Every structure is written in C-alpha cells, then in structure tokens.
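What follows is a single structure, written as structure tokens, with notes after it.
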Amino acid sequence: MKKLATLFADSMQELKSVRTVTVCAMFAAISVVLGAYTLVIGDYIKIGFSSISNQFVHMLFGPVVGSLFAGALDILKYLVKPTGAFFPGFTINAMLAGLLYGCFFYKKPVRLGRILAGELTVSVICNVLLGTLWLSMLYGKGFLALLPMRVLKNLIMWPVNSFLFYTIARTLEAAGVLRIMKENGMARRAGQRR
C-alpha cells in the first residue's frame, strides 16, 4: 500500500513541472491527429490507435497526471471532432484508463508481460464492462445485446495495441528518448529536494 501511495505522490509532483505540461501537450496533439484516422463501425464499435500516444503520458508521468490528461483530452477530442452525443461516462472511462495505465507503467521497465496485463485490465474494466454500460444507457440498447461485439473487438485489439505500444516503447527506449525524459525528470526532482 505504501508503494501505491508513493506512486501517486510522485505522479502528483510531476504536475508542478512545465516540462510535464509541454510533453503532455505534444502527446495530446499526436493523439488528436491519430484520432482522425479512427475506423467507426456502426454506433457501438470504433477502432483507433490514438490511445498509444496517451500511454506514453501515463508511463512517463504516472496515474495522477495520466488520468487528468486523459479526461482533458477526451473533452478536447470531442470538441475538435464530435462523434455522437457527449456522454460524461466516456470521460470517466478515459480517466480510469489513465489511472490504471499509470499504475502499471509508471517508473517500471518496459516489459511485454506488464503491457499485456495493463492493456487487458483496461480492456476488461473500461472498454468491455463500463464502455458497454455507457453505450447501453446512451442508446437504450440491452447491455447483453451489446456485450458480444464489444468483447470480440477488445479481444482482437488487446494484442494489437499491446504489441504496437511495446514495439514503439522499446524503440524509443533503445534510442535513449525515454531515458532522457526520465533523467531530466529525476534531475529536476533531485534539485527541488536540496
């Protein structure tokens, strides 16, 4: 429990940095651009890859910054390109996903098993259960009627999203980009403690 409290406290400290805000803005722009290439299949299924850029925010800055970033980005994306009616449940989903990804990835090495576990957890809780509940409430369709297609879509996308994020993260790690970002953050925090 102490590790979890430290994780959240460290993530909260990230909010004090201008660098955090600028990196989040950069990843938000990437996410909005990738969101333009989302494939919409009917009213209930969307396939897109904009969440991959969001995962880097969750990995670099933790669950607190990740959830705030995801909530703000969800609203921004709706304002930029509205698809259907605005429903706050999806913003809650985005924030919960940011919190969960942050808990799985923040200050942890890039490992395929961890990424698969984090992606599966978010898929089951946020996408399959809560997402289907929100769609059921929004469109007046039965939860169990929507569930099979949502489960199938998430089963297909789970390994795809996991391997894409893993490949990109490992490439950035090998190039030293993630190390530079982490070292700058650690050096900044060490200077604040003096």
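This is a predicted model, so every value here is computed, not measured.
- Considering OG of Ser50 and CD1 of Ile30, their distance stands at 11.5 Å, rounded to 0.5 Å.
- Among residues two or more places apart in sequence or in another chain, the side-chain hydrogen bond (donor to acceptor under 3.5 Å, both in side chains) test is passed with Trp158 by none.
- Side-chain contact between Phe90 and Leu130 is absent, with no heavy-atom pair separated by less than 4.5 Å.
- Atoms CE and CG, on Met149 and Asn154 in that order, are 11.0 Å from each other to the nearest 0.5 Å.
- Here Leu129 contributes atom CG and Ser123 contributes atom OG; the two are 10.5 Å apart, rounded to the nearest 0.5 Å.
- Separating the CG atom in Asn161 from the CD1 atom in Ile156 is a distance of 11.5 Å, to the nearest 0.5 Å.
- Proximity of Val32 to Leu76: side-chain heavy atoms (C-beta onward) are separated by under 4.5 Å at one or more points.
- The shortest side-chain heavy-atom distance between Asn54 and Val57 does not fall under the 4.5 Å cut-off.
- Aromatic rings from Phe165 and Phe105 are positioned such that their centres are separated by under 6.0 Å.
- The main-chain N or O of Thr132 is never found under 3.5 Å from a side-chain atom of Ser136 such that the two would form a donor-acceptor pair.
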Before giving the answer on side-chain contact (heavy atoms from CB on, under 4.5 Å), spell out for Leu172 and Phe56 the whole-Å C-alpha distance, their side-chain angles and the decisive distance to 0.1 Å.
-> CA-CA 10 Å; Leu172 292 176; Phe56 283 103; 3.8 Å; yes
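- Between the side chain of Arg150 and the main chain of Asn127, a donor-acceptor pair closer than 3.5 Å is present.
- A centroid separation of 6.0 Å or more is found between the aromatic rings of Phe27 and Phe69.
- The distance from atom CG of Leu120 to atom CZ of Phe104, rounded to the nearest 0.5 Å, is 8.5 Å.
- Using a distance-only test at 3.5 Å, with no hydrogens or angles considered, a donor-acceptor pair links the side chain of Ser11 to the main chain of Val65.
- Closest approach of Thr91 to Gly71, counting heavy atoms only: CG2-O, 3.8 Å.
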Would Glu119 and Tyr101 count as a side-chain contact (heavy atoms from CB on, under 4.5 Å) if you check the C-alpha gap in whole Å, the side-chain angles of each, and the deciding distance to 0.1 Å?
-> CA-CA 8 Å; Glu119 191 69 44; Tyr101 281 132; 3.0 Å; yes
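- Under a 3.5 Å cut-off, the side chain of Asn93 and the backbone N or O of Cys126 do form a donor-acceptor pair.
- Here the side chain of Lys107 pairs no donor or acceptor atom with the backbone of Leu60 at under 3.5 angstrom.
- The two atoms that bring His58 and Ala70 nearest to each other are CE1-CB, 4.2 Å, heavy atoms only.
- Using a 3.5 Å distance cut-off with no hydrogens or angles, the side chains of Tyr106 and Glu14 do pair a donor with an acceptor.
- More than 12 non-hydrogen atoms from other residues, nucleotides or ligands lie less than 6.0 angstrom from CE of Met26.
- Note that the CZ atom of Arg170 and the OH atom of Tyr166 stand 4.5 Å from one another [nearest 0.5 Å].
- Across all their heavy atoms, Thr167 and Phe163 have their closest contact at OG1-O, 2.7 Å.
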